[in-house]
Amino acid sequence: MSIMVHGRDRKVVEAFAAALTDTDDDHALKYTEYAYSMAAPEVRRLMEEIMTSTDWPVYTPFAREHFGRGREQGKAEGKAEGKAEGEARAVLLVLAARGLDVPEDVRARITACTDLAQLETWTTRAATAQALEELFDEAGGQQG
């Protein structure tokens, strides 16, 4: 009931969200749905803001939407980072398998690169390069 009466106060909404973490899931779902459905539009917006800016249980459809959107974006970013890390590792493995010594500055350049196309180019070049300089040869492609 406090959400409906005092929900314009951010601390009240934060306290409500915190209390939900200690509440049985079935009851928390009902409390959240009830509070959201009875809250004024500006209070609903505040509830949504808190749900997207903090880690707390996701119960309502609007929370699932906001949580899901952020979660999917995070998963996509994590997947892209993982691909880049894997491709950088492939470059280094090919160079090592070919017996080429990779100084720390070159290793750092390769592992810091997040451009998948560039990393794929380097992987291809690593397979045939006679020297590390050929890996980064501007005449052969992009710089990373």
Student: Is it the case that more than 12 heavy atoms not belonging to R89 sit under 6.0 Å from its CZ atom?
Tutor: no
Student: Nearest 0.5 angstrom please: R107 CZ to L95 CG, how far?
Tutor: 9.0 Å
Student: Between R45 (side chain only) and A40 (backbone N and O only), is there a donor and an acceptor less than 3.5 Å apart?
Tutor: no
Student: Would you check, one step at a time, whether the test side-chain contact (heavy atoms from CB on, under 4.5 Å) holds for R98 with Q130?
Tutor: CA-CA 9 Å; R98 297 200 55 244; Q130 298 302 311; 3.8 Å; yes
Student: Is there a chain of hydrophobic side chains (I, L, V, M, F, W, Y, each step under 4.5 Å between heavy atoms) that links V94 to V102?
Tutor: no
Student: What pair of heavy atoms forms the shortest contact from A84 to C113, and how long is it?
Tutor: CB-O, 4.1 Å
Student: How far does CD of E134 sit from OG1 of T128, to the nearest 0.5 angstrom?
Tutor: 7.0 Å
Student: Say whether, by atom type as modelled, one donor and one acceptor occur between the side chain of E87 and the main chain of E85 under 3.5 angstrom.
Tutor: no
Student: Using 0.5 Å steps for rounding, measure from the NZ atom of K83 to the CD atom of E120.
Tutor: 9.0 Å
Student: Do L92 and L119 share a hydrophobic cluster (ILVMFWY, side-chain heavy atoms under 4.5 Å, transitive)?
Tutor: yes
Student: What's the spacing between L132 CG and D101 CG if we round to 0.5 Å?
Tutor: 7.5 Å
Student: Any chain of hydrophobic side-chain contacts (each under 4.5 Å) joining F136 to V91?
Tutor: yes
Student: Looking only at non-hydrogen atoms, find the nearest pair between A126 and L135 and report the distance.
Tutor: N-CD1, 3.7 Å
